[in-house]
Amino acid sequence: MQQDLLTQGFELLLYGMGTVVIFLCLLVLATAAMSKTIERFFPEATVPAAKPPAPRAAPAADDAELVAVITAAIRQHRQRG
Amino acid sequence: MQQDLLTQGFELLLYGMGTVVIFLCLLVLATAAMSKTIERFFPEATVPAAKPPAPRAAPAADDAELVAVITAAIRQHRQRG
Amino acid sequence: MQQDLLTQGFELLLYGMGTVVIFLCLLVLATAAMSKTIERFFPEATVPAAKPPAPRAAPAADDAELVAVITAAIRQHRQRG
Amino acid sequence: MHNLELLWNSSGLAQLHAGQGLMILIGLLLLFLAIRKGFEPLLLVPIGFGGVLANIPGAGMAYSAVESALHAADPATLHALAQLLQVPVDAGAKALQAAYDAADTATHLAVRQVVLDAGFTDGMLYNFYSVAIASGAAPLIIFMGVGAMTDFGPLLANPKTLFLGAAAQFGIFATVIGAVGLTELGVMDFTIADAAAIGIIGGADGPTAIYVSSLLAPDLLGAIAVAAYSYMALVPMIQPPIMRALTTEEERRIEMVQMRHVSRREKIVFPLVLLILVALLLPAAAPLLGMFCFGNLMKECGVVDRLSDTAQHALINITTIFLGLSVGSKLVADKFLDVNTLGILFLGIIAFAIGTASGVLIAKLMNRFGKHPLNPLIGSAGVSAVPMAARVSNKLGLEANPHNFLLMHAMGPNVAGVIGSAVAAGVMISLVGG
Amino acid sequence: MHNLELLWNSSGLAQLHAGQGLMILIGLLLLFLAIRKGFEPLLLVPIGFGGVLANIPGAGMAYSAVESALHAADPATLHALAQLLQVPVDAGAKALQAAYDAADTATHLAVRQVVLDAGFTDGMLYNFYSVAIASGAAPLIIFMGVGAMTDFGPLLANPKTLFLGAAAQFGIFATVIGAVGLTELGVMDFTIADAAAIGIIGGADGPTAIYVSSLLAPDLLGAIAVAAYSYMALVPMIQPPIMRALTTEEERRIEMVQMRHVSRREKIVFPLVLLILVALLLPAAAPLLGMFCFGNLMKECGVVDRLSDTAQHALINITTIFLGLSVGSKLVADKFLDVNTLGILFLGIIAFAIGTASGVLIAKLMNRFGKHPLNPLIGSAGVSAVPMAARVSNKLGLEANPHNFLLMHAMGPNVAGVIGSAVAAGVMISLVGG
Amino acid sequence: MHNLELLWNSSGLAQLHAGQGLMILIGLLLLFLAIRKGFEPLLLVPIGFGGVLANIPGAGMAYSAVESALHAADPATLHALAQLLQVPVDAGAKALQAAYDAADTATHLAVRQVVLDAGFTDGMLYNFYSVAIASGAAPLIIFMGVGAMTDFGPLLANPKTLFLGAAAQFGIFATVIGAVGLTELGVMDFTIADAAAIGIIGGADGPTAIYVSSLLAPDLLGAIAVAAYSYMALVPMIQPPIMRALTTEEERRIEMVQMRHVSRREKIVFPLVLLILVALLLPAAAPLLGMFCFGNLMKECGVVDRLSDTAQHALINITTIFLGLSVGSKLVADKFLDVNTLGILFLGIIAFAIGTASGVLIAKLMNRFGKHPLNPLIGSAGVSAVPMAARVSNKLGLEANPHNFLLMHAMGPNVAGVIGSAVAAGVMISLVGG
Ligand code: NA
Ligand code: NA
Ligand code: NA
C-alpha cells in the first residue's frame, strides 16, 4: 500500500509534468500561429486611422444625436425663456 | 387537442392584448390625474426658492455643525501648536 | 407562570445590565492599558519621519521600479520612432 | 499506461460530440457579433462565453449532478436510478431523464442523494443558473437597475404615448398565434406555455424575456434570450424598412411640439401610481414592475443616492455577469440544437416586425385624431429596446427633416414599451403559468 | 368567459383584504416619512417599498411556498398537508399553520415537497428574507460596513465615555420589564424572548435590533425594525426635552477640555483588544462585534484600503437594499396588524426615553466625581443612533453656549453605545436564545 | 444564581482550550505580518481575522450545526445521532464525527434534521465557507477578476516564455513526491489527494491552491492557503539566494531585446485560443482557466468596460472579503493544530524553492540554444506570484546592470506561470479527484 502511494506520486509527477509541458508547447504553437494569422490577414489599420477603431460605428451616430439633442434642448430653453 | 391549442392561443391574444390596453389606458388616466393633482395642490416652489429644497432641513444644521467642528479643530490645533 | 415571566424579566435586567457594565469597565481598563503600553513602548515616530510610515518598505522599491519601467518604455519608444 | 488512458479519456478531444463543436462555434460567433459588430455586448459577451464553457466536452459545467450522472452513464448508478424512478433497467439515459423530469420533489431528492454519493457534483454554470435565474433573482435585480436608470420625464410630459407602448405589444401576442399555428401545422412542437414565452421576445426587453421563460419554458430559455438580445441589437436594421413602408415622407417630416416641464414630485409619485395600479389589477406582474418601480423611486426620490448609484453600477454589473453566464449554460448542445430553436429565431424576428408595425400604425391613427401633431416614427419605439428604438425613430426623423429631433419624444413610447411588455408578461404568467 | 373570470379572480382588487389595503397605506406613509421628512431614508425607503410589495393581494411575494399553499386553500393540498401534520382534515389553514410551525424539520421537508409538487413557489421577498436575514448575514455585513466607517478616535481619547455607552443601555432592560409587565397585566402577549427583542429597540442600532429579533422573535421583526429606524430618525425630537429637563442651564454650558491626539497604532490595536475581550467574556456577541471590529480593522490598518472601501460602499449598499426589502416582507398584514405591534411601538419610544435619561444622569454623576469637567449633554449620545444623537448633544450645547462644540466629545459615548448595545444583544442571546 | 452560572459557563474563559488560545495567537500573528510587514494583506488580514473568530470558544462560528452538536455533547442529541449513524451509544464525539464523515447523503440529511430540531445552527463562518468555497464560486470569481487585471501583452510578444511558466511547475510535482515520501517514511500521514493539494502551493497562486484543496483536501485547506499566501509574500526573500546561486554575474547582466508591439486583436483572440485548447485537452482545468480567460476577454474586448471594471473592483473585493474569512474558518484549532500542518509549511517552501530553481535552470538552457539573448533571472518569475516574482527578477537584474530593465520581460513567464499552475491543477483534479 505504501509502495503504491510512492508509485502514485511518481505517476502524478510523470503525467502531470508531461501534460503541463505538452499543453504549454501546444499553446506556444497556437499563439504563434494566431499572431502570424492576425498580422498577415487581419492587420490593424495604420495608427492614425486606428485611433477611432472601425468596429464602433455607433459612437459617431451617437455624437450626431447628442449634438442634435443638445441643440434641440437649447432651442427649447430659449423659446421658453 | 391541437384545435384546443390554437383556441388557447387566440384566447391568450384576446385577453392578453385586452389587459395590456386596458391597463395602459388606466395608467394614462391615473398619470394625468396625478399630474393635475400635483400641479394644482402641491406645486413645486418657484425656482429661486426651490434650489435648496424645503424638506431637507438637516443640511443647514449640518453645515452649521461642520463650521463649528472645523472652528473647534482649528482652535485646538492652534492651542497645541 | 406569569409570575415566572416577571421574574425572568428582572433576572434579565440584573444579569444583562450587570454584564454590560462589567464588560465596558473591563474595556475601559484594557483600552487605557493598551494606550499606555503603545505610548510608552511603541510610540509612533516623530511627525516628519512618520509621514512615509516605516512598515511600508515596498513603495520605495516600487517607485524605483516604476521609474525604471517608464525609462525603459521611453527608450523603446524613441528607438522605434 | 492506465493513467495515460485516463488522461486521454478525460481530454476534450476524446469526448467531443459534433453538436458540442457546433455550439462552441456558435458561442464564438456570438462573441464575434458582440465584440466586432457591437451587438448588445454587455449581455452577448457573457452569454457567448458561457455558451462555449457549457459545451466543453467532459467538463459538465452546465449540468446538474443528476445530468452529469446520466451523461457519464456509469452502469451501477444508472441501475440505482432506474429503480428509484421505476423505469426498466435497460431504458437508457433519455428515458431516465424523462422519468426524472416527471417525478415529484421527494423522488428528485432521493435521486440527488444517490448521484452525490456516487461522486457527481453540480457544474459551476449550473450553480450560477440556480442562484441567478431559477430563483428569479437576477432578472428582477437587473430590472431594478434599469428602473434606476430610466427617466419617465418624457412619458409624464405626454402620457398618451403609453398607448404606443401598448400597441407595440401586439407583436407579442401575434407571435403566440404563430407559435401555436406552427405547432398545429406539425412544423414545430410547442406547448401554450412555450408559445407564450416565445412571444415575449417581441417585448424587446431582455430581463422580461428571461424572467418569463425561466417560469414558463426553462428549456427554451437559451434560444429565447439569444433571440431577444440579438434582435434588440438588430433593431437599427429591422425597424427602418418597416417604418418607411408604413409612413409617407410627409408624415415623417412632422415636427412635434416641445414637451412641458415635468416636476420632480410627479417623477417621485409616478412609480408609486404605477405600483398601486399593478397591485390592484395584475399581481402576476408585481415582481417585475415592482422592482422596476423600486429602482425608479430610488433614483427620483433623491434621498437614497448611494443605493440608487449601487443599483445602477456595482449591483447591475455583477448581476449581468452571472445572468449572462447562466443564460449561456442553456446553450448546451443537447438542449439548443433542436428544430425548435430555429422556430424561435424565426418567430422572434416576426414578433419584432409586427410590434414595430403596430406601433407605427397606431401612431398614425393617433396623429389623425389627436390635438397635437404626432410623428408616426415614434410609434416604433413602443417595442422598447431602450434606447435603440428611440434612436432609430430620431434618425429617420432627421433624415426626413434635419430640424426634427424626435429622440425625447420617442423616449415616451420607449419606456412605455417596457411597462407594456411587463404587463404582457404578467398576463402570460397568470393565464398560462398557473 | 373562463379566462376573463380567471383574470378577474387573479386581479388584486378581487383579492384585496382590508388589512392589505391598510398595510399598503402604512408602506406609503413610511415612504412619505423617508422621502419628505428625511426619516432614515436609506432603510425606510426599501422597508416601506417592501411593505407595499408584501401586501399586494394575490402576489404572495412575502410568502414561502407553504404559506402560499395555506392561503390559496386548495382543498386537495390542504387535505394532504393535514395528513402530514396529523391535524383534522377540516381544521382550516390557521390550525395547519400552527401545526407546521410546531413540527420538526423532517415534517417541514415533507410538507414542502407536497406544496412544491402542487405548483406553489417561494415569493421573491421570502427568498430575499431567507438569504439576507434568516441566515443572519445581512445585519452582520452591515455591521462590518458600519465598523469600517467608525472612528474610535474620540472614544480612545477619553475611554471613560464608555461608561455613558453602558448607562444608556438601561433603556433596553427597562423595556424588557415593561414588556413582561404589560404581558402580566394581560394587555399584551409577549414571551421573554419577545421582550428581549423588543428591548433591543432601545439600543438605537438598526442592524443589532434586526439581528436579535431574527434570532429571538422573527414574527415581530417587522415591527421592531420599523420602530427602531423610526425612533432613530426621531432622535432630534425625542431627546431634547428629556435632556433639558434633567440638566441645568449651567451644566449645559460646561466646556470640555480638548481631546488628546490618538495615534494610528492605538486605533489599529483597539478593535483587536475589543475582539479579545468579547472572545473571552461573551462569545454570543462575537458575530456582531467580530464583524464590527473586522470592518474597523480594515479601515484603520491602512493596507487593505480597497477592501475597506468596498465594505463602506458597494457591499453595504447592496446589503442595505436587500435587508430593507426583506424587513418590508415582515410588514405583511396578517403578521403586522396585531395589538402587539402597537405595544412594540409604545415600548420602543419608552426605551429611547429611558436610555437617554440614564445616559444624561450618569453623565451628571461622572461630572460631579471626575477630574475633568464633563458636559452631561453628551450622556444622551450613549444610546448610539450614530451620528444623530451626537449631533443633538452638540446642538443643545451650542444653544446654551455658542462656543461649546460637543460633537467630537459626544462621538465617544455615541460609538460606545454601539458596543454597549451589541454586548446587551449578546447577553440576551445567551440567556434567552439558548 | 442559575443565570450567573449560565453566563459564566457561556463565557469564553470558561470554555477556552489551550489549542484555541494558541490559534488566536496565530491569527494575531498573521494580522501582524499582514499589517506591519505587508505580507499579502488583502488575503492575510481577512484570513487572520477569520482565524481568530473561528477559535472564539463557545461561539462555534466555524462549525456546522452538526459539528456544534458534537462539541456541545448534549447526551440526548448524541444518543439520537449514535442511533442514526449506527455507532455504539458510548462511542464519543470523535467516533460519531468519523461515522458522519463516512455516511451517505441521506444519513447526513437525517442527522442534520435531528441537530436542527435540537436547536443547533450553522455558524456564520461555516455559512460563508459553504457559499464561497465549498461551492467553488469564490476562487473562480477571484480568478475572473485576476484575468481582468492581467495583461498578456508581454507573453504574446515572446510566447516562448511560456516554457518558463511550464518549467517552474516542476516545484509542484516534486513536492507531491516529497509529501508521499514523508508519508512512506511514517513522518506524516497524507493521501495522494492530500499530496496533490499540497503540491499546488508551489504554483504560487492563491485562488488555484484554494480551489484545488477545496476539491481534494478540504481539511488541509487552511494550512495550504496560509502557506501559499505567506510564501507568496516571502518571494522577495526566498527567491534571490536561489537565483544568485544558479546564475553567473555575466548571465544576470544580459540585456534582452526590446519587445515587439502586440496588437489589440491578438490580445482579444488569445484568451479564446487558450480556452479552446483547454476545452480540447484538459476539461478539468476549464472552470479555472475558463473564468480567467473570461475576465481577460472582458478586459481586452473593449466593449464591456463596465463589467470588466466591476470584475476588477467591487466583485473581486467583495469575494476577497468572504474568501478570506472562509479560509480563516479552517484555522479552527482541532483541524489546524496537527503535525500535518508543519509538514505542509515545510513542503510549501520546498515547492517554492524547487519551482524557482527549475525556472532559472530552463531559462539558462533556453538562453544557450535560443536566437535572442535571454536573461535567466526571468526564469524564476515562472512560479507566478504575480507581480512579485517579476519584480524580484527586475531587481536582481538592476543590481547586476543598472540599465537592465527586466520587469516587462519577466511578466511573460509570470503570467505563463498562472496558466501553468492552473493546468497542473487540472491534471491533479482529473487524475486524483475522479
Ligand atoms: Na416592450
Ligand atoms: Na446602542
Ligand atoms: Na504558478
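Only this structure's heavy atoms are used, side chains among them; waters, hydrogens and symmetry mates stay out. In what follows, chains carry the letters A, B, and so on, assigned in the order in which the sequence lines appear, proteins first and then strands, with residues in each chain numbered from 1.
- Residues F:I321 and E:L315 have side chains in contact (heavy-atom distance under 4.5 Å, counting atoms from C-beta outward).
- Proximity to chain F involves both the backbone and the side chain of E:A106, based on heavy atoms less than 4.5 angstrom apart.
- Looking at E:F294 and F:V52, their side chains never come closer than 4.5 Å, going by heavy atoms from C-beta outward.
- Between chain F and the options E:A286, E:G426, E:A314, the largest number of non-hydrogen pairs under 4.5 Å is found for E:A286.
- If you measure heavy-atom distances from F:A110 to chain E, you find no contacts under 4.5 Å at all.
- Contacts between F:D117 and chain E at a heavy-atom distance below 4.5 Å involve backbone atoms as well as side-chain atoms.
- Heavy atoms only, all atoms of each residue included: F:L53 and E:G290 are closest at CD2-CA, 3.8 Å.
- Heavy-atom distances place no part of F:V131 under 4.5 Å from chain E, backbone and side chain included.
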Working for side chain to side chain contact (heavy atoms under 4.5 Å, CB included), residues E:L215 and F:T121: CA-CA 11 Å; E:L215 289 174; F:T121 54; over 6 Å; no
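- Here the CD1 atom belonging to F:I35 is positioned 11.0 Å from the CE atom belonging to E:M298, to the nearest 0.5 angstrom.
- The structure places CD of F:Q312 at 8.5 Å from CZ of E:R306, a figure rounded to the nearest 0.5 Å.
- F:L28 has its side chain within reach of E:I276: a pair of non-hydrogen atoms, C-beta onward, lies under 4.5 Å apart.
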Chi angles and distances behind the side chain to side chain contact (heavy atoms under 4.5 Å, CB included) call for F:V45, E:L307: CA-CA 10 Å; F:V45 166; E:L307 302 187; 6.0 Å; no
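- The two residues E:V303 and F:P41 come nearest to each other via the heavy atoms CG2-CB, 3.5 Å.
- Ranked by heavy-atom pairs under 4.5 Å with chain F, the list E:I318, E:L275, E:L140 is led by E:L275.
- Summarising the local packing, CZ of E:F170 is surrounded by 12 or fewer heavy atoms from other residues, nucleotides or ligands at distances under 6.0 Å.
- Most heavy-atom pairs under 4.5 Å with chain E: of the set F:I24, F:L325, F:L109, this distinction falls to F:L325.
- Both the backbone and the side chain of E:T105 come within less than 4.5 Å of a heavy atom in chain F.
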